[in-house]
Number of protein chains: 2
Amino acid sequence: MATTTARDADLAGALVQTMHVLQDLYAETSRPLGLTPQQAHLLCVLLGGPLGMTELSRILSIERSSLTSMVDRLERRDLVSRIPNPTDRRACQIELTKSGLALAHDAHKGFTERIDAMTTGLTAADRRTLAATLQKIVAEA
Amino acid sequence: MATTTARDADLAGALVQTMHVLQDLYAETSRPLGLTPQQAHLLCVLLGGPLGMTELSRILSIERSSLTSMVDRLERRDLVSRIPNPTDRRACQIELTKSGLALAHDAHKGFTERIDAMTTGLTAADRRTLAATLQKIVAEA
DNA sequence: TATTGTTATACTCTATAACTATA
DNA sequence: TATAGTTATAGAGTATAACAATA
């Protein structure tokens with residue numbers, strides 16, 4: 001029992017450390033693109049297609065009012081645009097502009113390349129196992 | 001070759017998603033304790049013992065000037081204190097106060113318990129493998 | 001001269017509460 | 001009434017540049 005607890009503690013610690021390493025990598029990748037990590041996240045989420053404010057705030061785990069100001073800043077820089085929702089005049093859809101799409105692709109590519117570089121020390125089998133295990137965790141969360 | 005690329009992309013995506021899940025969990029655990037995620041991180045780092053401003057800023061990956069204001073706020077709440085460094089009068093050591101230590105323990109316990117709950121669906125063998133793989137990644141980063 | 005830490009400043013992120021317009 | 005989104009406000013996180021004190 002004590003052994004199990006110790007093992008679990010190691011896993012939790014390893015996950016937290018990994019999170020911080022990835023946060024740093026995310027920040028370092030975003031910055032040279034002129035983006036904060038939060039802005040990069042938002043743009044990458046929109047790679048999946050336009051979203052309403054409420055849905056986007058849910059995905060990003062922030063309040064709608066916080067999102068309003070983020071979208072304001074990105075819209076001023078012509079990276080996203082608010083397009084009216086034809087079926088609900090209260091709502092709008094947030095959409096990547098042409099330059100926003102290009103930047104989102106750059107960010108996504110940057111993250112992927114850096115993370116791949118970070119996992120070079122693993123075998124192909126280890127990478128497959130890791131991806132499968134993490135996907136299971138994310139799916140349950 | 002195309003297959004390898006696809007597998008790597010899956011791994012990077014799984015790692016990024018896991019990071020966001022953990023960030024949310026970290027924020028949700030910190031908030032009821034009256035802490036921001038950054039403050040919780042700082043307090044937990046200090047569980048390892050007092051640190052100087054430069055060293056602490058390096059560990060947290062923030063500028064020293066950013067750390068100054070964070071420490072100011074935590075010191076006002078009596079969670080940390082600046083103690084003089086006897087061998088270098090320019091420097092100080094940041095130390096947990098009694099209440100800061102208690103709060104850091106609460107935060108650490110909260111993270112660990114929630115993460116353990118998140119990995120309940122895995123077998124003990126999967127958890128061991130995952131911890132070992134993540135530790136390898138962190139060690140190389 | 002180099003390093004430790006702070007100050008001044010500006011911007012971004014975030015939440016809460018109150019609000020408008022539409023459903 | 002309920003929902004979509006905004007505004008107003010306040011506090012926290014962050015970086016850059018310039019600075020004081022000490023090494």
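Note on naming: letters A, B, ... go to the chains in the order of the sequence lines (proteins, then strands), and numbering restarts at 1 for each one.
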Leading and trailing nucleotides of DNA chain D with any atom under 4.0 Å from heavy atoms of chain B: dA12(D) to dA23(D)
Protein-nucleotide distance (L43(A), atom CG; dC13(C), atom P), rounded to Å: 11 Å
With sequence neighbours excluded, residues passing side-chain hydrogen bond (donor to acceptor under 3.5 Å, both in side chains) with T120(B): none
Carboxylate-amine/guanidinium proximity below 4.0 Å for R82(B) and D72(B): yes
L67(A) vs D88(A), nearer the 5' end of DNA chain C by closest nucleotide: L67(A)
Summary of ring-ring contact (aromatic ring centres under 6.0 Å, His included) pairs that have at least one residue in residues 42-88 of chain A, sequence neighbours excluded: none
Qualifying ring-ring contact (aromatic ring centres under 6.0 Å, His included) pairs with a residue from residues 79-103 of chain A, counting only residues at least two apart or across chains: none
Minimal non-hydrogen separation, A14(B) against A131(A), with atom names: CB-O, 4.1 Å
Proximity to DNA chain C (any heavy atom under 4.0 Å), residues of residues 74-86 of chain A only: none
side-chain N/O S66(A) vs dT14(C) OP1/OP2, d < 4.0 Å: no
Residues from residues 52-60 of chain A lying under 4.0 Å of DNA chain D - heavy atoms: G52(A), M53(A), T54(A)
Nucleic acid contacts - residues 17-35 of chain A versus DNA chain C, non-hydrogen atoms under 4.0 Å: none
Touch class at under 4.0 angstrom, heavy-atom based, for T68(B) against every strand present: base
Partner of Q135(B) under side-chain contact (heavy atoms from CB on, under 4.5 Å), chosen from L11(A), D10(A), T18(A): D10(A)
Sugar-phosphate only, base, or nothing, as touched by Q38(A) at under 4.0 Å among non-hydrogen atoms: sugar-phosphate
Touch class at under 4.0 angstrom, heavy-atom based, for R64(A) against every strand present: base
Partners passing side-chain contact (heavy atoms from CB on, under 4.5 Å) against S69(A) (at least two apart in sequence or in another chain): R73(A)
Nucleotide nearest S65(B) when distance is taken to its side chain, options dA2(C), dA17(C), dT7(C): dT7(C)
Note, N85(A) side chain near R90(A) side chain (heavy atom, < 4.5 Å): no
Polar side-chain contact R90(B)-dG5(C) base: donor and acceptor under 3.5 Å: no
Distance-only donor-acceptor check, side chains T29(B) and R114(B), under 3.5 Å: yes
Inter- and intrachain pairs under ring-ring contact (aromatic ring centres under 6.0 Å, His included), touching residues 79-117 of chain A, at least two apart: Y26(A)-F111(A)
Residues clustering with I83(A) (ILVMFWY side chains joined when closer than 4.5 Å, directly or via others): none
Residue pairs involving residues 29-85 of chain B (criterion ring-ring contact (aromatic ring centres under 6.0 Å, His included); sequence neighbours excluded): H20(A)-H41(B)
Cluster companions of L60(B) among Ile, Leu, Val, Met, Phe, Trp, Tyr (side-chain spacing under 4.5 Å): L33(B), L35(B), L42(B), L43(B), V45(B), L46(B), L47(B), L51(B), M53(B), L56(B), I59(B), I62(B), L67(B), M70(B), V71(B), L74(B), L79(B), V80(B), I94(B), L96(B), L101(B), L103(B)
